[in-house]
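The next block holds one structure in the form of structure tokens; read it before the comments.
Numbering of residues begins at 1 and proceeds along the displayed sequence.
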Amino acid sequence: MKKYALVTGGSGGIGSAICLKLARMGYPVLIHYNSSLSAAQTTLEAITSEEGECELIQFDVSDHSQVKASLSDWKKKHPEDYIAVLVNNAGISKDTLMVWMEDEDWSKVIDTNLNSFFYVTSGLLQDMVVNKFGRVVNVVSLSGIKGLPGQTNYSAAKAGVIGATKALAQEVARKNVTVNAVAPDTSEPK
């Protein structure tokens with residue numbers, strides 16, 4: 001049985017670096033992308049050039065039916081394996097002051113950054129619990145901790161993931177499944 005690692009948003013900058021690190025740790029990596037196929041292929045080529053094992057997986061994290069279908073399809077192709085490591089990294093921002101925020105800007109950010117946590121994690125959690133091993137890492141933001149002006153939607157979504165991380169960690173810890181959140185500092189070095 002192989003233990004795979006899935007990185008949502010694996011074609012982006014942080015996601016690509018996470019994919020490379022997991023591959024170097026010996027995990028076969030599922031590089032998730034939604035629309036950035038060429039960026040995902042670049043990450044795939046970087047991993048395979050180091051003789052790592054990886055494959056691409058495509059779905060919109062904000063669409064529950066797409067997530068379920070893609071994960072179900074993957075499981076059918078890998079009946080003896082499971083996704084043991086999940087990095088919920090995919091996310092978007094649509095920054096504007098709330099006084100001018102459109103409904104769509106609120107909903108899309110909540111769907112992509114918060115609801116996707118539920119859609120993807122819930123689809124993989126049972127296998128982790130049954131196999132008594134799993135790692136879930138949620139990439140959050142300082143915006144979710146302290147809030148930032150112009151990011152009410154993003155701050156709400158990331159704060160929601162932080163709260164969900166704390167609750168889920170308590171639910172599954174006894175089954176050797178850990179759930180953590182990481183808020184990377186993406187500011188320029190000084």
Side-chain angles (χ1 to χ4, degrees), residues 1-64 66-92 112-141 158 161 164-165 168-169 172 175-186:
M1 173 185 293
K2 283 188 186 177
K3 294 177 181 174
Y4 278 77
L6 166 61
V7 181
T8 66
S11 62
I14 291 173
S16 180
I18 295 168
C19 287
L20 280 163
K21 179 65 177 176
L22 287 166
R24 289 174 183 151
M25 292 171 66
Y27 283 99
V29 178
L30 298 174
I31 305 163
H32 164 264
Y33 72 98
N34 183 25
S35 57
S36 303
L37 175 59
S38 62
Q41 287 174 324
T42 299
T43 302
L44 182 138
E45 290 165 8
I47 291 171
T48 56
S49 73
E50 295 182 11
E51 298 184 14
E53 186 179 347
C54 61
E55 59 188 86
L56 302 180
I57 187 167
Q58 190 276 332
F59 54 84
D60 179 350
V61 295
S62 70
D63 184 325
H64 198 188
Q66 271 193 44
V67 173
K68 284 176 78 170
S70 291
L71 294 178
S72 176
D73 185 50
W74 184 86
K75 288 176 185 183
K76 285 177 188 167
K77 292 176 183 172
H78 299 84
E80 301 299 318
D81 307 321
Y82 80 106
I83 297 170
V85 177
L86 168 62
V87 181
N88 286 305
N89 172 66
I92 62 164
T112 303
N113 296 303
L114 177 58
N115 292 342
S116 67
F117 157 79
F118 173 74
Y119 300 156
V120 179
T121 307
S122 65
L124 301 176
L125 201 57
Q126 186 175 3
D127 286 340
M128 293 180 185
V129 169
V130 166
N131 287 289
K132 294 185 174 70
F133 179 85
R135 301 293 179 256
V136 179
V137 179
N138 300 313
V139 179
V140 294
S141 167
K158 293 300 186 176
V161 173
T165 298
L168 183 58
V172 296
K175 296 296 185 181
N176 195 30
V177 177
T178 61
V179 186
N180 291 283
V182 178
D185 182 359
T186 57

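Residues Glu55 and Ile31 are not in side-chain contact: their nearest non-hydrogen atoms beyond the backbone lie 4.5 Å or more apart. Residues Leu6 and Leu71 form a side-chain contact, since some pair of their non-hydrogen atoms from C-beta on lies under 4.5 Å apart. Gln66 places none of its side-chain heavy atoms less than 4.5 Å from the side chain of Tyr119. Between Ile18 and Lys21, the closest side-chain pair of non-hydrogen atoms is not below 4.5 Å. Considering only heavy atoms from C-beta on, Leu168 comes within 4.5 Å of Leu125 through its side chain.
The backbone N or O of Asn89 sits less than 3.5 Å from a side-chain atom of Thr8, completing a donor-acceptor pair. Counting only distance, with no hydrogens or angles, the side chain of Ser11 and the backbone of Leu37 share no donor-acceptor pair below 3.5 Å.
Distance CD1/Ile14 to SG/Cys19: 12.0 Å, rounded to 0.5 Å. With rounding to the nearest 0.5 angstrom, the NE2 atom of His32 is 10.5 Å from the CG atom of Leu56. Note that the CD1 atom of Ile83 and the OH atom of Tyr4 stand 9.5 Å from one another [nearest 0.5 Å].
Taking all atoms of both residues into account, the shortest heavy-atom contact from Lys75 to Gly123 is NZ-O, 2.8 Å. Taking both residues in full, the closest heavy atoms of Ser116 and Val61 are given as CB-O, 3.3 Å, listed atom of the first, atom of the second, then distance. Of all the heavy atoms in Ala23 and Ile47, the pair that sits closest is CB-CG2, 3.6 Å. A pairwise comparison of heavy atoms in Val140 and Lys158 identifies CA-CD, 3.8 Å as the closest pair.
Partner of Lys2 under the side chain to side chain donor-acceptor pair (under 3.5 Å) criterion, out of His78, Glu80, Glu53: Glu53 alone. Checked options Lys175, Met1, Gln126; the residue passing with Asn131 is Met1 (criterion: side chain to side chain contact (heavy atoms under 4.5 Å, CB included)).
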Exercise. Run the side-chain contact (heavy atoms from CB on, under 4.5 Å) check on Ser62 and Asn115 step by step: do they pass?
Worked result: CA-CA 7 Å; Ser62 70; Asn115 292 342; over 6 Å; no
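Taking Asn88 as the reference, Thr121, Asn138 meet the side-chain hydrogen bond (donor to acceptor under 3.5 Å, both in side chains) condition, with sequence neighbours excluded.
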